[in-house]
Amino acid sequence: MVCAETHPGLQQRFRVEDYDLAATLDSGQAFRWKHYAGSWTSVIGDRWVRLRQDNDDILAETALPNTDWTWLEDYLQLDVDLRQVLEELPTHPALNQAIAHHRGLRLLRQEPWECLISFILSSTKQIPHIKQIVEQLCLQLGDCAITPAGQPKAHCFPTASRIAALQEAELRAMRMGFRAPYILAAAEAIASGRLNLNDLKHVSLAEARATLMVLPGVGRKIADCVLLFSLGFTEAFPVDVWVMRALQSAWFPGKAMKLPALVAFSESHFGRYGGYAQQYLFHHARTASSRFQKKSPHEDQG
DNA sequence: GTCCAGGTTCACG
DNA sequence: CGTGAACATGGA
């Protein structure tokens, strides 16, 4: 592998505004970023990539030269005007506080297949454990990505046909538990061509959601994660336990609400960028928790 | 040991 | 139709 500096296309600098790379990559929407010495490394599609933020710049390095960086600009959603997004969200003290604490947190645009499998695996699992299972899946079944000299091995996310060829027991051996048959069924649907996730980008939210929810192990919440994090439906608003508690305590104090009622509220209340509101609420709830953030157990809320 | 985790499904009244 | 238990596994 040749020295990076001598080869144009191996490095790129992107000017950004209102972008918090660390919060974005570590907010529980993507599970394959590794943080080391101020840099974030992962594999997007079949491309190894390392990112670093330096104030208003994001610096990217790849293993192979790029004539076109659209794949990364799209993944990071660099063209999104966050100010405009936030202006369209409803005003509420709890939401305002979450935004104030994590200004620059963005939504990524991930590859739908990886997103679907990752979130099927996410059900009743803590984020560190989701990361662990996804990593095992890639390690054991994913192709090796090309990495720069001196870098450790990195793997692509396994293809649907690779997973579809397995037995349920082989997936259970990767500690997926009751999610193993769900993963297998999703892989078979994709590998057979019966389901094309990219087609869902061009249908209505309701139709895309209903199509995803046909898959076993995919309910409203996981479907909304896939819609929001990979298919471009920014109004999708996944309600998990954290968001449910945030909505309950801040919007309906003293009035016990059930999950379907909170989902219905979120659908009518947060508008076409509701998914951003959801991500700020989720990330803020998690980082405010003393379990997640080892330091500073005190919360600075007014 | 007990409880809970970016839920969904299935059985019961 | 609404509610509660079961489902695997690991960490707090």
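Residue numbers begin at 1 in each chain, while the letters A, B, ... track the order of the sequences.
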Colleague: When all nucleic acid strands are considered with a 4.0 Å heavy-atom cut-off, which category describes A:S122: base, sugar-phosphate, or nothing?
Modeller: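 Sugar-phosphate contact only.
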Colleague: Going by side-chain contact (heavy atoms from CB on, under 4.5 Å), A:Y19 matches just one of A:L76, A:L105, A:L82. Which one?
Modeller: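 It is A:L76, the one option of A:L76, A:L105, A:L82 that forms the side-chain contact (heavy atoms from CB on, under 4.5 Å) with A:Y19.
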Colleague: Hey, can you tell me if A:F178 and A:Y182 have their rings parallel, tilted or perpendicular (30° and 60° cut-offs)?
Modeller: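 Aromatic pair A:F178/A:Y182 classed perpendicular.
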Colleague: Can you check the A:D224 CG to B:dG6 C1' distance for me, whole Å?
Modeller: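 To the nearest whole Å, that distance equals 12 Å.
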Colleague: Distance check needed: B:dC4 C1' versus A:D240 CG, whole Å only.
Modeller: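 My rounded result for the distance is 13 Å.
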Colleague: Rounded to whole Å, how long is the line connecting atom NZ of A:K221 with atom P of B:dG6?
Modeller: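 Going from NZ in A:K221 over to P in B:dG6 covers 9 Å.
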Colleague: Examine the side chains of A:T287 and A:H101 and answer whether a donor and an acceptor come within less than 3.5 Å of each other.
Modeller: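 No, A:H101 and A:T287 have no side-chain donor paired with an acceptor closer than 3.5 Å.
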Colleague: For atom C1', what is the distance between B:dG6 and C:dG2, given to the nearest Å?
Modeller: 24 Å
Colleague: Over how many whole Å does the gap from A:Q126 atom CD to C:dT9 atom P extend?
Modeller: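 Rounded to whole Å, this separation is 16 Å.
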Colleague: Under 3.5 Å, which donor-acceptor pairs do the side chains of residues 217-232 of chain A form with other protein atoms, sequence neighbours left out?
Modeller:
unit_1	atom_1	unit_2	atom_2	d
A:R220	NE	A:D224	OD2	3.1
A:D224	OD1	A:R209	NE	2.8
A:D224	OD1	A:R209	NH2	3.2
A:D224	OD2	A:R209	NH2	3.4
A:S230	OG	A:V226	O	2.8

Colleague: Any side-chain N or O of A:R172 below 4.0 angstrom from OP1/OP2 of C:dA8?
Modeller: yes
Colleague: Please determine if a side-chain N or O atom of A:R220 lies less than 4.0 Å away from the OP1 or OP2 oxygen of B:dG7.
Modeller: no
Colleague: Write down the distance between CD (A:Q132) and C1' (C:dG11), rounded to a whole number of angstrom.
Modeller: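 Those two atoms, CD and C1', are 10 Å apart.
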Colleague: Heavy atoms, side chains only, cut-off 4.5 Å: are A:S39 and A:L51 in contact?
Modeller: no
Colleague: Using the C1' atom in both, what is the distance from C:dA6 to B:dC4, to the nearest Å?
Modeller: 15 Å
Colleague: Output a table of nitrogen or oxygen pairs between the protein and nucleotides 9-13 of chain B separated by less than 3.5 Å.
Modeller:
unit_1	atom_1	unit_2	atom_2	d
B:dT9	OP1	A:G217	N	3.1

Colleague: Check every atom of B:dG6, B:dT8, C:dA8 against the side chain of A:I222 and return the nucleotide holding the closest atom.
Modeller: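 In terms of side-chain proximity for A:I222, the closest of B:dG6, B:dT8, C:dA8 is B:dT8.
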Colleague: Of all residues at least two apart in sequence or in a different chain, which pass the side chain to side chain contact (heavy atoms under 4.5 Å, CB included) check with A:H92?
Modeller: A:A94, A:L95, A:A250, A:W251
Colleague: Would A:F282 count as stacking on B:dG6 if stacking means ring centres less than 5.5 angstrom apart and planes tilted under 30 degrees?
Modeller: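 A stacking contact exists, since A:F282 sits close and nearly parallel to the base ring of B:dG6.
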Colleague: How would you label the contact of A:S27 with the nucleic acid (heavy atoms, under 4.0 Å): base, sugar-phosphate, or nothing?
Modeller: base
Colleague: Just to verify, what does A:A261 make a side chain to side chain contact (heavy atoms under 4.5 Å, CB included) with, not counting sequence neighbours?
Modeller: A:M257
Colleague: Polar atoms only, N or O, under 3.5 Å: list the protein pairs with nucleotides 1-3 of chain C and their distances.
Modeller:
unit_1	atom_1	unit_2	atom_2	d
C:dT3	OP1	A:K258	NZ	2.4

Colleague: Any side-chain heavy-atom pair from A:L86 and A:Y280 closer than 4.5 angstrom?
Modeller: yes
Colleague: Yes or no on salt bridge (Lys or Arg N to Asp or Glu O under 4.0 Å) for A:D20 and A:R106, after CA distance, side-chain angles and deciding distance?
Modeller: CA-CA 7 Å; A:D20 184 340; A:R106 304 294 192 112; over 6 Å; no
Colleague: Measure from the side-chain heavy atoms of A:R245 and tell me the nearest of B:dA5, C:dC7, B:dT8.
Modeller: B:dA5
Colleague: Kindly assign one of parallel, tilted or perpendicular to the pair A:W242 and A:F282, based on the angle between their ring planes and the thresholds 30° and 60°.
Modeller: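 If you compare the ring of A:W242 with that of A:F282, the planes turn out perpendicular.
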Colleague: Grab the CZ-C1' distance between A:R286 and B:dG6 for me, whole Å please.
Modeller: 8 Å
Colleague: Listing time: all N or O pairs from protein to nucleotides 4-6 of chain C that are below 3.5 Å?
Modeller:
none

Colleague: For the pair made of NZ in A:K131 and P in C:dG11, what is the distance, rounded to whole Å?
Modeller: 14 Å
Colleague: Check the pair A:Y276, A:L107 against side-chain contact (heavy atoms from CB on, under 4.5 Å), reporting the backbone distance first and the verdict last.
Modeller: CA-CA 7 Å; A:Y276 281 86; A:L107 292 175; 3.5 Å; yes
Colleague: Write down the distance separating the P atoms in B:dA11 and C:dA8, rounded off to the nearest Å.
Modeller: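 That atom pair is separated by 14 Å.
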Colleague: Under the criterion side-chain contact (heavy atoms from CB on, under 4.5 Å), which of A:L171, A:I183, A:L121 is the partner of A:I133?
Modeller: A:L121
Colleague: From C-beta outward on A:R179, which listed nucleotide comes closest to its side chain: C:dA8, C:dG10, B:dG6?
Modeller: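 So the nucleotide nearest the side chain must be C:dA8.
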Colleague: Taking the six-membered ring of A:W40, is the NZ or CZ of A:R50 close enough (under 6.0 Å from the centre) and on axis enough (within 45°)?
Modeller: no
Colleague: Of all the nucleotides listed (C:dT9, B:dG6, B:dA5), which has the minimum atom distance to the side chain of A:K125?
Modeller: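 Of all the options, the side chain of A:K125 is nearest to C:dT9.
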Colleague: Find the distance A:R175:CZ to C:dG10:P and express it as a whole number of Å.
Modeller: 5 Å
